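Quick notes on the structure that follows.
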Amino acid sequence: MSDDATAEKTFTLTNDQTGESVKLPVQEGTIGPPTIDIRTLYAQTGHFTLDPSFSATGSCKSRLTYIDGDEGILMHRGYSIEELTSQSSFIEVCYLLLYGDLPSKEELAEFTDHITYHTMVHEQIHYFFRGFRRDAHPMAIMCGVVGALSAFYHDSLDIWDPQQRIISAHRLIAKMPTLAAMTYKYSIGQPFMYPRNDLSYAENFLYMCFGVPAEPFKVNPIHARAMDKIFILHADHEQNASTSTVRLAGSSQANPFACIASGIASLWGPAHGGANQAVLEMLDEIGHKDRIPEFIARAKDKDDPFRLMGFGHRVYKNRDPRATVLKESADEVLNDLGVNDPTLELAMELERIALEDPYFIERKLFPNVDFYSGIILRAMGFPTSMFTVLFALARTVGWISQWKEMIEEPSLRIGRPRQLYTGPEARPYVPMDKRK
Ligand code: SDX
């Protein structure tokens, strides 16, 4: 893997107008497409590159996650998502993403303790919630309260101190379930539940969401297992929009809590993490399989902004491996819970019809991670408004691991893209009395 201009492999670009050529080094990773290192392109040619949605642009090197969109592969530190969801746990995947390898028994126990004993939030944070209306969207609250964490943890804001970086990571991974549960409790007018140190990560989250002070609460083990699997499936996903937002915010040396809050804001969009809520709203609007053709037609109509939510992906041009796992889980969880949600059948029928339609086949539009997750979450009792909060909860470990990897790069520089300017040329100011 080369990282200098004397790379043995190079790419030559030639300016067809002037005949000038420039030789650019090729950088290769462990697996996946090689990259053309264009860092010297402007200095050598006076040209920028232009790639507005970064379809062909690598923003960084990373060792965390590998995706092969054509083969439908997703790996974290080399371990397949299929093996991690069937054999690992979310807390172990958190360790893997943060530290790079699967932990020993002792390492896992110590890490679990670190997370467990950081789950409480400062009592003052309870008062932040009082400022929101009860019907505030939970993601709006999460943007606010997560960003506000930097007002409480001055002892772990020095991003150059490795110990403070790790403490911030532990705090964020540990407190996201507590804050997420608080947003849910606040929305339904129930008291906040304090975390319990005798429960696992997923059990504790479900307890804080569905327990009440008035009586003991027993976590359903099927729910807990499904929750843990859903967290694993959402943990990290290469340089997606919200992760790239976190990295760009972090490149200015902003504190980790502010960076994660920026990731939450980006994830909220219905083209990204907000899709899991939009899928259920779409399925509820479709209502019956007889109306599927009407919505398929709308999704194909260029004059209609409607898109089939939960379908398509910038990278996966084959099945999203997470959707495959979630589809199997949805069936299993609903059966185990004895929930007969016709929405699952409707979703499967919609998938079947869409995947037989040339429009979706030609564009390689398959169900993505958001297509089935909401069906499981609703069966577990979560309102659709909480779906993206759960995505943000799980993705926090990916965001903070990618942030940590970036800060630890020896060549950290602020991210500062350029542009192709298409505005007016220089012109003199026109006083008001001279304007039309
Ligand atoms: C996530 O990046 C990540 O890794 C994200 C994520 C993660 O874990 O972080 O995987 C999580 O965000 C999953 C995606 C969730 N979003 C949705 O389900 C919303 C619906 N999907 C689309 O908005 C869309 O597919 C995107 C946003 C996911 C991808 O958009 P792209 O890559 O910019 O694709 P595109 O808009 O260029 O579409 C290519 C073609 C277009 O048609 P043509 O112009 O070629 O005729 O496919 C069409 C699009 O109109 N198309 C769809 C469609 N998705 C793409 N048509 C109908 N319904 C859809 N869902």
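When a ligand or atom number is given, it counts from 1 through the structure's own listing order. Quick caveat: nothing in here was measured; it's all calculated off a predicted structure.
The contact shell of ligand 1, taken as protein residues with any non-hydrogen atom closer than 4.0 angstrom, comprises His237, Asn240, Pro270, Ala271, His272, Ala275, Ala299, Lys302, Arg307, Leu308, Met309, Gly310, Phe311, Gly312, His313, Arg314, Arg322, Tyr359, Arg363, Leu365, Asn368, Asp370, Phe391, Arg395.
Checked against the 6.0 Å centroid criterion, the rings of His237 and His313 qualify as a close aromatic pair.
In this view, Ala174 and Ile115, His118, Thr119 satisfy the side-chain contact (heavy atoms from CB on, under 4.5 Å) rule, not counting sequence neighbours.
Aromatic ring orientation, Tyr184 versus Phe210: perpendicular (interplanar angle above 60°, classes split at 30° and 60°).
Residue pairs meeting the side chain to side chain donor-acceptor pair (under 3.5 Å) criterion with at least one member in residues 201-210, sequence neighbours excluded, are Ser200-Glu203. Residues in residues 326-347 take part in no ring-ring contact (aromatic ring centres under 6.0 Å, His included) pair, two or more places apart or across chains.
Salt-bridge formation is detected for the pair Arg63/Glu409: a Lys NZ or Arg NE/NH1/NH2 atom is positioned less than 4.0 Å from an Asp or Glu carboxylate oxygen.
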